[in-house]
Every structure is written in structure tokens, then in C-alpha cells.
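What you see is a predicted model, and the numbers here were worked out from it, not measured in a lab. Only this structure's heavy atoms are used, side chains among them; waters, hydrogens and symmetry mates stay out.
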Amino acid sequence: MKKLALSLSILAALFTSCSTNDDEGTIQPVEGELTGAITTNKTIAYGNYTIKGIVTIESGVTVTFDAGSTVTANAADGVDALVVKNGGKLIMNGTATQPIVLTEQSKVAGSWGGIIMYGDAPIRGAGDTASKTSEDGLNYTYGGTNSAHNGGTLRYVRVEYAGKKITDGTSEMNAFSFYSVGSGTTLDHLVAYKGADDGFEFYGGTVSATNLISYGNFDDSFDWQDGWRGQNNSNWLAIQVGTGNFGMEIEASNNNNTYWPVIANITLKRTAGTQTEGGSSAAEYDAIQFKKEGNGEFSNVVISGYTTTGATAVRIQDVTTNTNQVNGSKIKLTNVKINDGTTQFAGAGTLNPVFPTGQFVTSTTATGASLTAGSWASVDGTNLLGN
């Protein structure tokens, strides 16, 4: 017998409308459970669901969640995650007032694996490889030639308390993990909230993302590698609270690429008292770090609060990155406003980077990310926009 993708309770909900309260005419949420491999197209009705184990959307399958739905993991049950395999599609069209929320019962960071999406868009891994094995412990292969890969639509979706360390004790999942995801995928108005690893990580691919919030994630707010090259990114907000490493950790897996991502309207804020994940002695406290040939074009950037002794707004971590990316004009930051007296840029150790004219331009008028408040950006009464 094939493993059931969904429990009987949710199967009933998939083929019927949500129940209605006849007295008030209000839609009542259904209850259900997600588990196993989903092998046929499904619409998950508005409701409250539990997720148990690694739930996979298989190739050729589309799964659609109604706005306002909640999915709750439970760390006590083992490793939970929602995984979209290459060829599968996840459609989550929440709204500003009815976001789709994926959370965890204990509200402890690192309790589950979040959303993981795989595609077959191009990557460039270390050693100029066109494919790699995922670092989330699932050991899936990612990479390909389909730049327009479409893994679905995530709109007004919030992932809370993710960043699970899985069975080997070293591999980690993020809130959102995008492995070779293509430009046909829509990522818009997403929140990564208080995870134990990165808020958002891109492993190669061509997908772009707009209106992102990374709030209180323990490692990096935004991270990428393997030659990620999204071109239409805008309105990225990182607020580091309590524990956090880099606002943005940028690398290209030691490949000197001729392309790079483009991101406009960025705000990186580190609140007072925030410590690095490994403790205050770990030097991972800069707003933006470039290493391993990382590059990119960034505009309208506001940086605040990176005032730990030795911290800087932009860190160039190694000589090769300085030679090929800084000196080669493949890193460009314009209209950059740096608050709190944070230094503009620095190199690791004795490295002394000098940006070519026009490649690093400061400003007093940059505005950074512009996002609209609402239920999608609020958790337990806390406004995640920080204003």
C-alpha cells in the first residue's frame, strides 16, 4: 500500500468546503494533519494543521494552501519540514490580513526544518560543478539548466522557529531554503522569524524575492552561495535581536562569476545587546560579509547598530575576493547610509580593500526597505518592522 500523503481527517477537508457557522455565517477552519509524500494535486482548505515528519510534494504535483491557514510542527515528534521536490509546486497565496503561518508548538528556535524548495535552475558549486548534494541532511541533488524553473508561489507566508539541526547533528535547515530555484517561482512578502540558522538561504538558481523580513534568526539574516543570480530583488529587512551573526553573508563557492544578484532597498538593523551565535568572541558581527568570490549590486541600503568593537558595515573576508570582486568592480554598493558611527568597510586581518570609484557610494538620504505593516508582519503583538 502506498504511504498516505495526508490523514483521513484532512482528506475529507480537501474535497469539501470549509464548514460554515449557520448562525453567524462565518467560515470555520478545518483540522487536519500533513504527513508523508503528496503524490496527487491537493487543495488544503483553510484550517489548522499539524505536520509530522518530512512532508514532500513530489514531482508533477501541485499543492495549494488557502489563505489564513496555520501549520504547526512539534519538535517532540522528530524532524519536520515541508519539502518541494524539483518538478513539484507549492502554492501559498496568503494575504496581508490572512497570512499562511508555519510554526512550532514549543516556540523554540531550531525546532523544525521550515520550507525547503528544490529546482533545476543553474548553479555553480565549488570546483565549477553544475550540481551538488543538499546540505540539509536530506542529501538531494540540485542544479540544472532550467533558468525558468517554477516551484510555485509563496506570498504572505511566515515561517517561525525553524533552523533544525537534523540527525547528523551538524547539517541544518533554515526557515526558507531555495536550492537551484528558478525565475518562474514567485517569492513575495515572506517572513523568517526566530530560527536557529539562516532566515533565507539561496543555493544557486535564478529566483528573485521581494518584501522579505528576517527577524531574530540566530545565524545570518540572508545568505547565499553556488552562484545565485536573482535580478529583481527588493525590500529586504533584517532585524537581529538577541542572537545573530551577519546581516548578509555572501559567497560564490570560490568561483569568479561574470554575473551577480541585484538587490534594491535593504535595511539591516542589529539591536542593542545582540550577541553572535557562538558568543561575543566570534567575529561574525558585520552587516555584510563577502567571501569566496561573493559579489552583487546593492542600492538604497540602510545599516544600523553594527557597533560591536571590530565590526564594520562591509567586510571583505579574503584576498581573492578583494582581488577579483572588489578590484574587478563586481561588488557595487550605492546610496548607502550607515548609522551609529559604524565604519564603512574593512578587510579581514591585514587586508585593506579599496573600492574603485563609484563602487561604494554613501549617502545621508537612503531610505532602505519600505514595507507595509499588518498581520503578516506581526507575531504575538510584536511589529516585525521595528517601527
Single-linkage hydrophobic cluster [X]~[Y], side-chain heavy atoms < 4.5 angstrom:
{"X": "Phe218", "Y": "Ile239", "result": "no"}
{"X": "Met117", "Y": "Val61", "result": "yes"}
{"X": "Val319", "Y": "Phe290", "result": "yes"}
{"X": "Phe360", "Y": "Ile303", "result": "yes"}
{"X": "Val302", "Y": "Ile263", "result": "no"}

Using only atom types and a distance under 3.5 Å, with no angle test, would you say the side chain of [X] pairs donor to acceptor with the backbone of [Y]?
{"X": "Asp80", "Y": "Ala73", "result": "no"}
{"X": "Asn233", "Y": "Val262", "result": "yes"}
{"X": "Thr186", "Y": "Thr153", "result": "no"}
{"X": "Asp219", "Y": "Asp197", "result": "no"}
{"X": "Thr185", "Y": "Val181", "result": "no"}
{"X": "Glu201", "Y": "Phe222", "result": "no"}
{"X": "Asp220", "Y": "Gly199", "result": "no"}
{"X": "Ser69", "Y": "Gly47", "result": "yes"}
{"X": "Asn295", "Y": "Trp260", "result": "no"}
{"X": "Gln289", "Y": "Ala287", "result": "no"}

Charged N-O contact under 4.0 Å between [X] and [Y]:
{"X": "Glu297", "Y": "Lys332", "answer": "no"}
{"X": "Lys164", "Y": "Glu172", "answer": "no"}
{"X": "Arg155", "Y": "Asp188", "answer": "yes"}
{"X": "Lys291", "Y": "Glu249", "answer": "yes"}
{"X": "Lys132", "Y": "Asp226", "answer": "yes"}

Does any non-hydrogen side-chain atom of [Y] lie less than 4.5 Å from one of [X]?
{"X": "Tyr49", "Y": "Glu31", "answer": "no"}
{"X": "Tyr118", "Y": "Ser134", "answer": "yes"}
{"X": "Thr307", "Y": "Arg270", "answer": "no"}
{"X": "Thr271", "Y": "Thr274", "answer": "yes"}
{"X": "Val30", "Y": "Tyr46", "answer": "no"}
{"X": "Phe65", "Y": "Leu90", "answer": "yes"}
{"X": "Asn150", "Y": "Lys89", "answer": "yes"}
{"X": "Val71", "Y": "Thr103", "answer": "no"}

Are the aromatic rings of [X] and [Y] close, with centres under 6.0 Å apart?
{"X": "Phe178", "Y": "Tyr203", "answer": "no"}
{"X": "Tyr306", "Y": "Tyr285", "answer": "no"}
{"X": "Tyr179", "Y": "Tyr140", "answer": "no"}

From [X] [atom1] over to [Y] [atom2], what is the distance, rounded to the nearest 0.5 angstrom?
{"X": "Phe246", "Y": "Gln317", "atom1": "CZ", "atom2": "CD", "value": "6.0 Å"}
{"X": "Leu190", "Y": "Asn211", "atom1": "CG", "atom2": "CG", "value": "8.5 Å"}
{"X": "Ile288", "Y": "Thr312", "atom1": "CD1", "atom2": "OG1", "value": "10.0 Å"}
{"X": "Leu138", "Y": "Ser177", "atom1": "CG", "atom2": "OG", "value": "9.5 Å"}
{"X": "Ile57", "Y": "Leu34", "atom1": "CD1", "atom2": "CG", "value": "9.5 Å"}
{"X": "Ser253", "Y": "Ile123", "atom1": "OG", "atom2": "CD1", "value": "7.5 Å"}

* Using 30° and 60° as the class limits, which term best fits the ring planes of Tyr156 and His189: parallel, tilted or perpendicular? -> parallel
* If the plane angle is over 60° it's perpendicular, under 30° parallel, otherwise tilted; pick one for Tyr193 and Tyr161. => perpendicular
* Can you sort out the partners of Arg124 under salt bridge (charged side-chain N to carboxylate O under 4.0 Å, His left out), two or more places apart, ordered by chain and number? =>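 With neighbours one apart ignored, the set is Asp128.
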Grab the two heavy atoms, one from [X] and one from [Y], that are nearest each other, plus how far apart they are.
{"X": "Gly143", "Y": "Ser180", "value": "N-OG, 3.1 Å"}
{"X": "Thr342", "Y": "Ile338", "value": "O-CG2, 3.4 Å"}
{"X": "Gly113", "Y": "Ala162", "value": "C-CB, 4.2 Å"}
{"X": "Gly94", "Y": "Ile100", "value": "N-CD1, 3.8 Å"}
{"X": "Thr206", "Y": "Pro122", "value": "CG2-CD, 4.2 Å"}
{"X": "Ala67", "Y": "Gln98", "value": "CB-O, 3.7 Å"}

* Take Asn245 and Glu277 through the side chain to side chain donor-acceptor pair (under 3.5 Å) test and state the conclusion after the steps. => CA-CA 6 Å; Asn245 293 336; Glu277 185 179 24; 3.2 Å; yes
* Asked: Yes or no on side-chain contact (heavy atoms from CB on, under 4.5 Å) for Asp318 and Thr321, after CA distance, side-chain angles and deciding distance?
  -> CA-CA 6 Å; Asp318 56 80; Thr321 300; 2.8 Å; yes
* Asked: Between Glu104 and Ser106, is any side-chain donor less than 3.5 angstrom from a side-chain acceptor?
  ->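 Distance-only check passes for Glu104 and Ser106.
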* To do: Check the side chains of Ser221 and Asp198 for a donor-acceptor pair under 3.5 angstrom, ignoring hydrogens and angles.
  =>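 Ser221 and Asp198 do not have a side-chain donor-acceptor pair below 3.5 Å.
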* **Working for side chain to side chain donor-acceptor pair (under 3.5 Å), residues Asn256 and Lys330** => CA-CA 9 Å; Asn256 185 12; Lys330 295 179 181 180; 2.9 Å; yes
Sequence neighbours excluded and cut-off under 3.5 Å, please list the side-chain donor-acceptor pairs for residues 370-380, or say none.
residue: Trp376; atom: NE1; partner: Thr372; partner atom: O; Å: 2.8
residue: Ser378; atom: OG; partner: Thr382; partner atom: O; Å: 3.4
residue: Asp380; atom: OD2; partner: Lys107; partner atom: NZ; Å: 3.4

* To do: Go through the steps for Asn324 and Glu293 under the test side chain to side chain donor-acceptor pair (under 3.5 Å), then give the verdict.
  => CA-CA 7 Å; Asn324 293 333; Glu293 305 273 24; 2.9 Å; yes
* From the options Trp228, Phe176, Tyr142, select the one residue that forms a ring-ring contact (aromatic ring centres under 6.0 Å, His included) with Phe202. => Trp228
* To do: Test Lys42 against Thr40 for side chain to side chain donor-acceptor pair (under 3.5 Å), laying out the working first.
  => CA-CA 6 Å; Lys42 304 292 182 186; Thr40 58; 3.0 Å; yes
